[in-house]
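Step one of this worksheet: look at the structure below.
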There are 2 protein chains.
Amino acid sequence: MPAKPKVEDEYSRLYKMIVTGKIMPNERIVEMDYAQMFNCNRANIRRALARLEQDGLVVIEPFKGARVRLVTPEEAVETYEVRGALETLLVSQAAKLATEADKAILREILNKLYEARDNGDPMRVGTIGRQIREELWRISSHKTALKFLTQINSQLIRSSYRSVMMPGRADAIAQQLTEVVDHVSDGDAEKASEAMRQYHASAREALVAALQVKDYVF
Amino acid sequence: MPAKPKVEDEYSRLYKMIVTGKIMPNERIVEMDYAQMFNCNRANIRRALARLEQDGLVVIEPFKGARVRLVTPEEAVETYEVRGALETLLVSQAAKLATEADKAILREILNKLYEARDNGDPMRVGTIGRQIREELWRISSHKTALKFLTQINSQLIRSSYRSVMMPGRADAIAQQLTEVVDHVSDGDAEKASEAMRQYHASAREALVAALQVKDYVF
DNA sequence: TGTTGCTGGTTTGTTGACGATACTACCAAC
DNA sequence: GTTGGTAGTATCGTCAACAAACCAGCAACA
């Protein structure tokens, strides 16, 4: 009765299990086990794994199977850098395209961000900060950059959790994102992207610092 | 007797056929046909297609099969923009890391570029220009950005051929890349990436112009 | 004790067959 | 002449079984 290919299902289910840490890094993914768990065929798991491999979430070795890929700290930093470059591009588009309604939404989310900050809830600041950035993604309407950003984010969800917990990070996020939103509201693409560049520069610093706290395994 | 999975083969064979235009845009890719042509199983073609879909080179519709994806002009421009953002990031790394040997290589390729320009061979200017940029990729050692750039380039090989034929484009390429290489040689990351940004800005313009020449099907 | 070589079990890679779906051409009715 | 329905074909999605390769454990030997 499957009107459309189920592979999408298995893919996203596995995807979620990996990025949420349900399947730990370096853990093997035996095709048969997950086929039974998901109540589907091995071939579907197989295809899902192939896609996940291209996402950089798993590695597949011939005749040895798939396992969750271990992301090295250096790689995480590099990924942050790429994300920064893309979002900088994207914000300049957003500044040119933002409607009044868009600006209102951004303001609104920003207020929630302040609230979270004042409540001393860094985790929530991180979540809302991400929400703002995703809103900017939407506003920019840059499908291609969006595609890559989506792909990228999967790889650093876990790192992000750590860096947002660094002392002072929450304040910095609030301040810098405010600046970004301000410039976007003014329609100043140049300044907006410069502000975003700075946001990402300091996000990168925070990550590097977080990574040095101890040799954390991603 | 295949010691390792052949899927890599089928993938790259199909890949080449698509980017070189052997399989035309919108042309159907019937699994069975190519399985016979490559003398392999349908499952391999299937997996190769799944990967190509994520590369954005083919689209797969349930029960309708795969076909080479048609890249719209808007998409090509967006892709150029993303490429520009990534290479700008990457050049600043290259400026920091370039050794004397690297600089010598860059100079050498640059000379070949001048030669091609003076011979009035825009196609060759394009090819060599690309060679320089790939050299910069290597120097930057930014694996993550590189991964994405590789992925991206597959989608715009055909567009590139067109934009390099625009009048004056060859000269602009030579001039702007010289500037980039100069700054990289000086180790000035800031200026180098700014120069690269300009290069890509004008590459984008050239593409837009080329696209408007006539409604070319990619 | 340390190393080598075998052996059984486990997991993957491959294959062919079957059922499901969408497209197409034909025919009848209006 | 056009529209609507229907059968046939081509193609895809799914599945289960087989073959090849890897791995752990044990035994034999230096």
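Excluded from the calculations below are hydrogen atoms, water molecules and symmetry mates; all remaining heavy atoms, backbone and side chain alike, are included. Per chain, numbering begins at 1; letters A, B, ... match sequence-line order.
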Under 3.5 Å, which donor-acceptor pairs do the side chains of residues 23-30 of chain A form with other protein atoms, sequence neighbours left out?
residue, atom, partner, partner atom, Å
A:Glu27, OE1, A:Met24, N, 3.0
A:Arg28, NH2, A:Lys64, O, 3.4

Between A:Arg46 and C:dG13, does any side-chain N or O lie under 4.0 Å from OP1 or OP2? yes

Which pairs with one or both residues in residues 147-156 of chain A pass salt bridge (Lys or Arg N to Asp or Glu O under 4.0 Å), sequence neighbours excluded? none

What's the CG-C1' distance between B:Leu49 and D:dG13, to the nearest Å? 14 Å

What is the distance from CD of B:Glu10 to C1' of C:dT14, rounded to the nearest Å? 12 Å

In whole Å, I'd like the distance from the CG atom of A:Asp9 to the P atom of D:dG13. 15 Å

Tell me the interatomic distance from A:Tyr34, atom OH, to C:dT12, atom P, rounded to whole angstroms. 11 Å

Set of side-chain hydrogen bond (donor to acceptor under 3.5 Å, both in side chains) partners for A:Ser202, sequence neighbours left out: A:Arg169, A:Gln176

What is the distance from CG of A:Asn44 to P of D:dC15, rounded to the nearest Å? 7 Å

Whole angstrom value for the distance that separates P of C:dT15 from CD1 of B:Ile45: 11 Å

With the side chain counted from C-beta on, respond yes when B:Arg133 and B:Met196 share a heavy-atom pair under 4.5 Å apart, and no when they do not. yes

Sorted by chain and residue number, the side-chain hydrogen bond (donor to acceptor under 3.5 Å, both in side chains) partners of A:Glu61 (sequence neighbours excluded) come out as none

Check the distance between C:dT14's C1' and B:Phe38's CZ and give it to me in whole angstrom. 18 Å

Between N or O atoms, less than 3.5 Å apart, protein on one side and nucleotides 7-11 of chain C on the other: list the pairs.
residue, atom, partner, partner atom, Å
C:dT11, O3', A:Arg28, NH2, 3.3

Suppose we screen for salt bridge (Lys or Arg N to Asp or Glu O under 4.0 Å). Which residues come up paired with B:Arg46, at least two apart in sequence or across chains? B:Glu31

Bend angle of the helix from C:dT1-D:dA30 to C:dC30-D:dG1, from helix axes over five pairs at each end, nearest 10°: 10°

Sequence neighbours excluded, the answer for salt bridge (Lys or Arg N to Asp or Glu O under 4.0 Å) partners of A:Arg138 is A:Asp102, A:Glu135

According to a strict under-4.0 Å criterion, is B:Asn41 in side-chain N/O contact with OP1 or OP2 of C:dT14? no

Tell whether A:Arg42 reaches the base of C:dG13 with its side chain through a donor-acceptor pair below 3.5 angstrom. yes

To the nearest angstrom, the CE-P distance between B:Met32 and C:dT15 comes to 11 Å

With sequence neighbours excluded, tell me which residues meet side chain to side chain contact (heavy atoms under 4.5 Å, CB included) with B:Lys22. B:Met17, B:Thr20

Please say whether more than 12 non-hydrogen atoms of neighbouring residues, nucleotides or ligands are located less than 6.0 Å from CE in B:Met32. no

